[in-house]
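Step one of this worksheet: look at the structure below.
Predicted model, so just to flag it, every value in this text is computed and none were measured. Because only heavy atoms are used, hydrogens play no part in the values below, and waters and symmetry mates are left out as well, while side chains stay in. So you know, we letter chains A, B, ... as the sequences are listed, proteins then strands, and number each from 1.
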Protein chains: 2
Amino acid sequence: MSGKLPGGRRQPTIHEVAATAGVSIGTVSRVASESPRVAPETRARVLAAMAELGYQPNAAARAMRTNQTMTIGFLIPDMTNQVFARVAQGAETVLAPEGYMLFAFSSNRSPAREIEFLQAARQRQMDGLIVTLSDETATGTIEEIARMGVPVVVLDREIPVEADVVYSEHMQPIETVVEQLLQLGHRRIGLITASHNIRPGRDRVVGFKRALEKAGVPIDDWLIRARTQSAERGMAETHDLLTGPNPPTAILAAGSDIFYGALKAVRLLGLSIPDDISFVGADDALLGELVYPPITVIDRDMVEVGRQAAGLLLDRLKGLDGPPRRIMLGSDVLLRGSIAAPKRR
Amino acid sequence: MSGKLPGGRRQPTIHEVAATAGVSIGTVSRVASESPRVAPETRARVLAAMAELGYQPNAAARAMRTNQTMTIGFLIPDMTNQVFARVAQGAETVLAPEGYMLFAFSSNRSPAREIEFLQAARQRQMDGLIVTLSDETATGTIEEIARMGVPVVVLDREIPVEADVVYSEHMQPIETVVEQLLQLGHRRIGLITASHNIRPGRDRVVGFKRALEKAGVPIDDWLIRARTQSAERGMAETHDLLTGPNPPTAILAAGSDIFYGALKAVRLLGLSIPDDISFVGADDALLGELVYPPITVIDRDMVEVGRQAAGLLLDRLKGLDGPPRRIMLGSDVLLRGSIAAPKRR
DNA sequence: CTGTTAGCGCCTTCAC
DNA sequence: GTGAAGGCGCTAACAG
């Protein structure tokens with residue numbers, strides 16, 4: 001480090017405010033903390049001094065005394081995914097009125113970065129966390145969560161920690177969709193979704209298989225692609241499915257990134273929906289209705305997920321004790337013109 | 001507050017580590033700060049104690065001494081807008097290797113929330129900020145930035161503060177597009193974009209008018225809608241334009257949210273692109289190629305914006321002095337099949 | 001109602 | 001190479 005002291009321009013402290021207001025630091029502190037035991041006239045003088053100096057209490061010093069930072073951390077796998085951004089938005093609407101600041105951190109689906117975030121959150125004494133892990137099998141992440149010592153709300157993951165969780169329903173909507181497709185005469189349906197290492201991926205595969213079993217349609221594992229969530233992956237898997245020896249007549253792209261990639265692959269192959277291929281997307285209702293024909297989509301209210309998660313967190317922040325709570329939120333199937341009977345049998 | 005002390009489970013302190021390692025806190029501190037003057041054997045004992053206790057240094061206490069938090073704040077108008085999310089991603093790739101944590105905060109385009117964020121950042125002694133304001137004319141926000149005392153990088157805004165800025169080119173691409181449309185025979189072109197209160201909105205209008213003037217085409221202010229950025233707004237303005245008495249034959253939806261909304265309005269009106277209406281979008285190249293016909297889009301590399309912004313910030317963090325620097329990044333026009341000659345003249 | 005004071009956990013001289 | 005001690009800015013308990 002250079003000789004320059006870090007931190008830039010020194011900020012005014014409580015002492016300077018006290019000096020310019022002609023009171024003691026204790027009084028300034030009382031005004032800053034909105035304690036009632038201050039004479040109106042004194043309070044006014046202090047407030048004036050604060051405004052004049054542009055005083056903001058030093059959060060580090062305050063945190064050291066109070067063990068509170070009024071800061072909530074939100075761990076997201078991928079900031080550019082609107083699904084998570086909407087959760088943040090929903091959580092914010094609940095947390096802000098209570099005076100908490102919500103800060104989002106994107107791990108880019110790296111468990112190592114997730115651990116770094118959790119440690120950073122612990123160092124920074126954040127009051128609570130909402131986390132979406134990118135891999136349930138990464139033990140390091142789970143250990144860190146266990147160490148946190150502050151309330152943590154987990155989103156849509158099954159991990160062995162004592163934490164409140166908000167789940168989304170994934171099996172049922174997939175089942176509904178697959179039943180629809182079977183009814184239309186489809187027998188080979190491709191499923192592209194997230195990895196088995198996270199609940200959404202697992203559950204979708206379960207729902208998928210269940211629908212096929214119920215209908216007595218044999219399961220071809222080649223048609224099931226549960227891998228990393230990304231547009232690239234979605235595109236690659238879709239391309240592979242559609243150019244394979246015995247391609248599916250319908251594609252389920254379950255995941256917003258996967259949806260984009262899969263749709264792109266279909267476009268690149270010059271296939272027409274639903275004549276050449278039936279297509280179902282997920283988690284981006286808007287895209288689904290902007291393209292032609294509009295695309296059937298499995299949709300869920302992520303803003304509500306955020307609200308619920310924040311609600312669970314707030315309860316704990318207010319001292320609620322007791323065993324972990326679980327909330328399950330539903331998903332909708334928005335039926336649109338992208339599915340039809342397969343061309344030939 | 002209840003009697004329960006906040007902060008949850010107490011975290012191990014440097015004292016406990018010192019005790020279990022059988023050394024003094026000074027030695028533990030030296031190990032934690034990776035100071036070289038520690039005997040290898042002692043260091044090993046301390047490291048073991050840290051691991052055993054799951055010790056993480058208290059950032060508040062550390063910040064109090066060092067005036068550094070290794071935290072960068074990123075103020076975004078709207079987290080659900082991929083444009084900003086990509087910037088965060090780009091900035092992160094530059095900041096993380098230097099040990100900084102990047103935390104994003106979404107203001108939901110509220111200047112009041114922006115002020116709250118800036119104050120929170122100052123209280124929390126963040127080391128630097130990247131900010132995208134939602135309104136250049138909000139003086140409160142600008143005053144807060146001036147008070148920060150740490151480096152701030154401003155994105156694509158013209159505000160009277162001593163700060164480095166990363167600009168995107170907005171005039172030139174709009175001009176290019178308008179020239180194209182004029183050449184095809186369009187004379188009435190609708191422009192929907194952000195408010196005049198932010199640079200992108202202003203510059204796009206300027207570029208738009210310039211192209212028309214150069215061609216000697218009269219300017220009809222009714223056709224220019226520089227308002228709030230949102231899908232709803234984009235939809236409403238587009239609907240209004242297309243159902244008006246003398247509708248445009250081409251629509252420029254300059255802004256990603258506006259793009260979605262405008263396209264939706266076109267769909268709802270049952271108009272076909274480019275037969276009934278020529279259409280140009282912005283900032284979402286992917287959507288542009290997923291719909292049919294593919295849509296001409298003004299695109300820019302927001303990840304690069306983030307990288308550049310982080311670079312400017314890092315320089316300052318490392319002590320670079322001197323006048324504000326400006327970086328201008330270009331935009332591309334991706335010509336696709338959504339524009340054609342107007343039906344009738 | 002207001003001033004004084006003791007730490008919160010850590011880093012950093014300064015002795016040893 | 002290691003221990004002891006002061007103080008960063010603030011809150012809270014205690015006098016007055």
Side-chain angles (χ1 to χ4, degrees), chain A residues 1 3 5-47 49-50 53-70 122-125 149, chain B residues 1 3 5-47 49-50 53-70 122-125 149:
Chain A
M1 311 293 149
L5 91 165
R9 200 185 65 189
R10 251 192 82 277
Q11 296 288 334
T13 74
I14 201 169
H15 286 100
E16 295 164 50
V17 176
T20 71
V23 298
S24 77
I25 62 162
T27 302
V28 176
S29 173
R30 273 185 282 266
V31 172
S33 312
E34 292 170 5
S35 154
R37 327 194 123 283
V38 182
E41 193 261 340
T42 313
R43 141 174 275 106
R45 260 210 337 279
V46 172
L47 253 16
M50 286 180 174
L53 299 172
Y55 171 75
Q56 289 288 334
N58 180 321
R62 186 175 262 182
M64 209 134 124
R65 292 284 315 177
T66 62
N67 284 318
Q68 268 198 279
T69 58
M70 299 310 281
R122 191 142 65 95
Q123 291 180 184
R124 288 165 177 74
Q125 322 271 97
Chain B
M1 312 296 148
L5 92 164
R9 201 185 64 190
R10 250 191 82 277
Q11 296 288 333
T13 74
I14 201 169
H15 287 99
E16 294 163 52
V17 176
T20 72
V23 297
S24 79
I25 61 162
T27 303
V28 176
S29 174
R30 275 184 279 266
V31 172
S33 311
E34 291 169 7
S35 155
R37 327 195 122 282
V38 182
E41 193 261 343
T42 313
R43 140 175 274 103
R45 262 211 333 281
V46 172
L47 253 15
M50 285 179 173
L53 299 171
Y55 171 75
Q56 290 287 334
N58 180 320
R62 183 175 266 184
M64 208 134 128
R65 291 281 315 173
T66 63
N67 284 317
Q68 267 198 283
T69 57
M70 298 311 281
R122 191 142 65 94
Q123 290 180 183
R124 287 166 177 75
Q125 323 269 97

Please list, by residue number, the residues of residues 17-27 of chain B whose heavy atoms come closer than 4.0 Å to an atom of DNA chain D; answer none if no residue qualifies.
B:V23, B:S24, B:T27
Enumerate the protein-to-nucleotides 14-16 of chain C contacts in which both atoms are nitrogen or oxygen and the separation is below 3.5 Å.
none

side-chain hydrogen bond (donor to acceptor under 3.5 Å, both in side chains) against B:Q123, all qualifying residues, sequence neighbours excluded:
none
Would you please name every residue forming a side-chain hydrogen bond (donor to acceptor under 3.5 Å, both in side chains) with A:R62, sequence neighbours left out?
none
Spatial distance of atom CD1 (A:I14) from atom CE (A:M50) [nearest 0.5 Å]
7.0 Å
Is there a donor-acceptor pair closer than 3.5 Å between any side-chain N or O of B:T69 and the backbone N or O of B:Q125?
yes
Closest heavy-atom pair, B:A60 versus A:A63, reported as atoms and distance to 0.1 Å, is CB-CB, 4.2 Å
Out of D:dT2, C:dC11, D:dT11, which has the shortest distance to the side chain of B:A39?
D:dT2
Could a donor-acceptor pair under 3.5 angstrom be found where the side chain of B:R65 meets the base of C:dC11?
yes
Whole angstrom is fine here: how far is it from CD in A:Q123 over to C1' in C:dC10?
12 Å
Over how many whole Å does the gap from A:R124 atom CZ to C:dG9 atom C1' extend?
16 Å
Would you classify B:T13 as touching base, sugar-phosphate or nothing, given that sugar-phosphate means primed atoms plus P, OP1 and OP2, and contacts are heavy atoms under 4.0 Å?
sugar-phosphate
Intermediate values then yes/no, side-chain contact (heavy atoms from CB on, under 4.5 Å), A:Q11 and A:E16
CA-CA 10 Å; A:Q11 296 288 334; A:E16 295 164 50; over 6 Å; no
May I have the distance from A:M64 (atom CE) to C:dC10 (atom C1'), rounded to whole angstrom?
7 Å
Let me know the distance between NE2 of B:H15 and P of C:dC10, rounded to the nearest Å.
8 Å
Among C:dC11, C:dC8, C:dC10, which nucleotide has an atom closest to any side-chain atom of B:S29?
C:dC11
In whole angstroms, the gap separating C1' of C:dC10 from CG of B:N67 amounts to 13 Å
Rounded to 10°, tell me the angle between the two end axes of the helix from C:dC1-D:dG16 to C:dC16-D:dG1, each built from five pairs.
40°
Rounded to whole Å, how long is the line connecting atom CZ of B:R62 with atom C1' of D:dG7?
17 Å
Check for a donor-acceptor pair, side chain of B:R45 on one end and backbone N or O of B:A21 on the other, with a separation under 3.5 Å.
yes
Check the pair B:V46 / B:V17 against side-chain contact (heavy atoms from CB on, under 4.5 Å), numbers first and verdict last.
CA-CA 7 Å; B:V46 172; B:V17 176; 4.3 Å; yes
Heavy-atom nearest nucleotide on DNA chain D taken for A:S33 and for B:A61; more 5' hit belongs to B:A61
Between C1' on C:dC10 and CD on B:Q68, what's the gap in Å once rounded to a whole number?
14 Å
I would like to know whether B:N58 and B:T13 meet side-chain contact (heavy atoms from CB on, under 4.5 Å); could you show each step before the answer?
CA-CA 8 Å; B:N58 180 320; B:T13 74; over 6 Å; no
Sorted by chain and residue number, the side-chain hydrogen bond (donor to acceptor under 3.5 Å, both in side chains) partners of A:R30 (sequence neighbours excluded) come out as none
For the student: nearest non-hydrogen atoms of A:H15 and A:I25, plus distance
CD2-CG2, 3.4 Å
A:Q11 CD to D:dG9 C1', in whole Å, measures 13 Å
Between B:Q56 and A:R124, is the side-chain contact (heavy atoms from CB on, under 4.5 Å) condition met? List the steps.
CA-CA 9 Å; B:Q56 290 287 334; A:R124 288 165 177 74; over 6 Å; no
Looking only at side-chain N and O atoms, does B:T42 come under 4.0 Å of OP1 or OP2 in D:dT2?
yes
